[in-house]
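Because only heavy atoms are used, hydrogens play no part in the values below, and waters and symmetry mates are left out as well, while side chains stay in. Keep in mind the model is a prediction, meaning the values are calculated, not measured. First the proteins, then the strands, lettered A, B, ... as listed; each starts at 1.
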Number of protein chains: 2
Amino acid sequence: MSKIHDVAKRANVSIATVSRVLNSSDHKVSAKTAEKVRQAVKELDYRPNALARALQINKSMTVGVIIPDIANHYYAEIVRGIQKEADKEGYNIILQNTDRNPKRIVRSINLLREKVVDGIIFSGGIISGYEPLSVLQEFRDRVVVIGRHDVNFPAIMVDNISGASQAVQHLIDLGHTKIGFIGWAINSTTATDRLSGYKSALAQNRCRFDKTLVREGKLTPESGYAEAKKLLSGKEVPTAIFAGNDQMAFGVIHAAMEFGLKVPDDLAVVGFDDIPLSSFFVPPLTTVEIPKFSLGTSSMRALMNLISGKNTSRIKLHKTKLIIRKSSQIN
Amino acid sequence: MSKIHDVAKRANVSIATVSRVLNSSDHKVSAKTAEKVRQAVKELDYRPNALARALQINKSMTVGVIIPDIANHYYAEIVRGIQKEADKEGYNIILQNTDRNPKRIVRSINLLREKVVDGIIFSGGIISGYEPLSVLQEFRDRVVVIGRHDVNFPAIMVDNISGASQAVQHLIDLGHTKIGFIGWAINSTTATDRLSGYKSALAQNRCRFDKTLVREGKLTPESGYAEAKKLLSGKEVPTAIFAGNDQMAFGVIHAAMEFGLKVPDDLAVVGFDDIPLSSFFVPPLTTVEIPKFSLGTSSMRALMNLISGKNTSRIKLHKTKLIIRKSSQIN
DNA sequence: AGAAAAGTGGTAAACGTTTTCCTAAAAATT
DNA sequence: AATTTTTAGGAAAACGTTTACCACTTTTCT
């Protein structure tokens with residue numbers, strides 16, 4: 001691994017000159033010397049040591065990305081978006097999986113601090129307590145958060161309220177009045193927003209809100225299955241169920257089959273997220289698509305703006321899109 | 001952000017002493033001074049600058065991970081495994097998504113070279129041409145490859161042959177003799193290995209190999225659907241189909257429904273991979289589970305061995321596991 | 001008691017860059 | 001032709017660590 005010194009020696013110039021050529025500094029160097037240097041660089045296949053560079057200029061061209069679970073398609077897509085955008089400007093990303101474990105979140109942040117990242121994108125889901133956040137504070141103006149606005153950082157948000165509202169409106173348009181909703185943990189803003197959207201669509205159409213039609217589960221097919229069974233064996237049986245995410249929706253469909261109900265004829269089902277298999281489920285699932293990739297690019301762009309001192313808008317809201325498939329609509 | 005100098009000043013010692021306390025070096029420092037230092041560190045919330053450290057000791061505690069697509073569950077799980085293992089020893093990972101684009105692979109490697117990573121885990125899928133590999137050569141003894149052994153690096157492999165063979169054996173045990181196979185690109189070792197496993201199981205049971213029952217598609221539900229339709233409308237209609245991966249298997253089930261065939265009664269279907277939704281598909285899919293997470297931990301462990309000079313076995317083969325669900329077995 | 005060894009601390013030289021000064025030559029101005 | 005300005009290059013000081021080397025005490029050994 002050759003160093004700038006080697007290049008300098010080979011080109012018969014000082015290391016300062018080499019550096020200047022490579023960084024196209026405003027300190028001029030003659031075309032001839034520049035060429036000599038470039039030649040030497042090529043011959044030695046020289047690559048500057050980014051560590052030394054980062055140490056000197058106090059900029060590592062690296063950002064940290066903190067997420068709960070990379071195996072979750074939602075976060076994976078976000079990371080993909082971040083990558084794509086980071087790539088454009090030569091940034092690299094250091095990934096941190098936290099499994100939603102507060103201790104690991106703190107650890108991650110501290111690690112990133114040591115590694116001297118230029119900024120952090122945080123998409124941690126629920127943060128219980130405030131320790132992680134206070135640690136984040138040290139990064140102040142170099143943090144972007146995805147999915148929460150209850151915190152003093154620029155935030156990239158999903159319009160869950162209108163997304164859910166759209167979905168329910170769709171069911172109402174199809175003639176449904178008894179629409180079930182399966183949500184999850186009420187300490188998640190995402191969950192409460194989707195519930196709000198559900199309620200608001202009902203209200204706007206003067207449908208009665210029946211709280212026995214609302215259940216709280218977990219974000220898994222198993223849970224969707226279990227909660228759907230409860231709804232379907234309740235007193236008021238819904239003709240449509242809006243599940244808090246696609247995984248739950250799959251569970252709902254499963255339960256429907258067990259009850260001998262055909263989807264969508266006897267029970268319409270709508271999910272949320274549009275995970276990859278939704279389109280190929282049997283029946284294909286009507287769902288609300290989240291622009292995950294855009295959340296990624298958008299957050300990275302916001303972070304880069306922050307880093308370079310440009311100010312970004314406090315909150316950027318991303319719209320969702322209703323994708324109508326067979327699980328809600330008869331033929 | 002306080003530096004080692006600040007700590008030294010506060011504790012009334014030299015920076016050398018601070019460093020020695022923090023790195024528990026073999027150069028001793030008295031318990032009393034050590035305590036002074038630790039106190040100062042705590043008071044200032046000092047964190048050593050990993051960049052400066054890396055530059056000095058020539059070890060960045062960072063490894064590069066090159067994969068085609070983080071949004072693919074297979075790779076996401078691998079990354080999760082890598083993370084988990086890396087975390088144990090304080091390593092961080094820099095992620096590189098290549099979209100299987102050779103140019104980006106080269107770019108990624110060079111970038112990692114600049115960032116002075118301690119090693120690289122490469123799981124690139126098919127590499128067309130050799131440029132990327134030759135660039136990798138520079139890392140010589142600090143590279144681990146996942147999923148290919150045709151290259152001179154330590155490799156973490158999946159036993160696709162026996163995995164496929166197990167799956168087909170299972171179908172044979174159920175009484176099937178006309179078993180279709182949908183594979184994909186023959187320039188992928190994974191694809192050819194699964195085909196080999198298919199053939200070998202047939203041979204072991206003295207079943208005739210009928211090449212009209214073998215088709216080549218792509219790794220998507222759409223393709224599985226299309227190829228299954230061809231198989232089901234062929235001259236020899238299979239009573240079971242072994243799809244090269246789960247996504248294709250979903251397509252196969254879809255096609256079966258369109259042909260009015262019940263799964264598994266009229267057509268047994270087996271996939272490969274065990275992606276998250278396979279268990280909750282309707283019907284739940286019999287499939288061959290790949291220990292993706294283990295591939296990750298295993299590769300990271302191998303890499304860390306390599307880095308620390310221990311030698312690793314050239315190839316580590318991971319066994320798969322047949323998971324029997326409803327899509328193959330009539331209760 | 002004297003010498004050797006062990007314990008404890010500091011100074012300064014690395015690690016590989018970028019960048020601030022300087023300086024010398026060349027070009028432009030008077 | 002003398003002066004100023006511009007251009008082009010080098011020397012050396014940073015960036016924040018680790019560690020080799022040195023020096024002074026204290027302990028241990030003969």
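- No side-chain heavy atom of N92(B) sits under 4.5 Å from any side-chain heavy atom of M61(B).
- Evaluated for a side chain to side chain contact (heavy atoms under 4.5 Å, CB included) with R20(B), the options V29(B), V13(B), V37(B) yield exactly one hit, V29(B).
- In this structure, CZ of R20(A) is placed 16 Å from P of dT17(C), rounded to the nearest angstrom.
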Handout entry: CA sep, side-chain torsions, deciding dist, call: N97(B), I67(B), side chain to side chain contact (heavy atoms under 4.5 Å, CB included)
Key = CA-CA 5 Å; N97(B) 239 236; I67(B) 53 168; 4.0 Å; yes
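- When the C1' atoms of four end pairs are superposed on the next four at each end of the helix from dA1(C)-dT30(D) to dT30(C)-dA1(D), using five pairs per end, the two resulting axes differ in direction by 40°, to 10°.
- The distance from atom CG of N58(B) to atom P of dT17(C) is 12 Å, rounded to the nearest whole Å.
- A straight line from CD of Q56(A) to C1' of dT20(C) spans 10 Å, rounded to a whole angstrom.
- DNA chain C is contacted by both A31(B) and L55(B); A31(B) maps to the nucleotide lying nearer its 5′ end (nearest heavy atom per residue).
- The side chain of I15(B) sits closest to dA12(C) out of dG10(C), dA12(C), dT19(C).
- For L51(B) and dT18(C), the CG to P distance is 13 Å, given to the nearest whole Å.
- For the residue pair R80(A) and N72(B), no side-chain donor N or O sits within less than 3.5 Å of a side-chain acceptor on the partner.
- Base engagement by S14(B) is indicated by at least one non-hydrogen atom pair under 4.0 Å involving a base atom.
- Whole-Å rounding puts the K32(A) NZ to dA26(C) C1' distance at 13 Å.
- Defined by atom type and a distance below 3.5 Å, a donor-acceptor pair is present between the side-chain atoms of K115(A) and T62(B).
- As judged by a 4.0 angstrom heavy-atom cut-off over every strand, T33(B) is placed among residues touching the sugar-phosphate backbone only.
- The two atoms that bring A50(B) and V116(A) nearest to each other are N-CG2, 4.5 Å, heavy atoms only.
- A nucleotide of DNA chain D counts as in contact with chain B when one of its atoms lies under 4.0 Å from a heavy atom; the first and last such, 5' to 3', are dG16(D) to dC21(D).
- Between H27(B) and R47(B), the residue anchored closer to the 5' end of DNA chain D is R47(B), taking for each the nucleotide with the nearest heavy atom.
- The CG-P distance, from L22(A) to dT18(C), rounds to 7 Å in whole Å.
- Protein atom NZ of K115(B) is 15 Å distant from nucleotide atom P of dT17(C), rounded to whole Å.
- Taking 4.5 Å as the limit, some side-chain heavy atom of S298(A) sits within range of a side-chain heavy atom of H318(A).
- Counting heavy atoms from C-beta outward, M304(A) and M300(A) have side chains that approach closer than 4.5 Å.
- We find that NZ of K28(B) is positioned 4 Å from P of dG7(C), with the value rounded to whole Å.
- What you find for R142(B) and V117(B) is that their closest heavy atoms are NH2-O, 3.2 Å.
- An OP1 or OP2 oxygen of dT8(C) is reached within less than 4.0 angstrom by no side-chain nitrogen or oxygen of T17(B).
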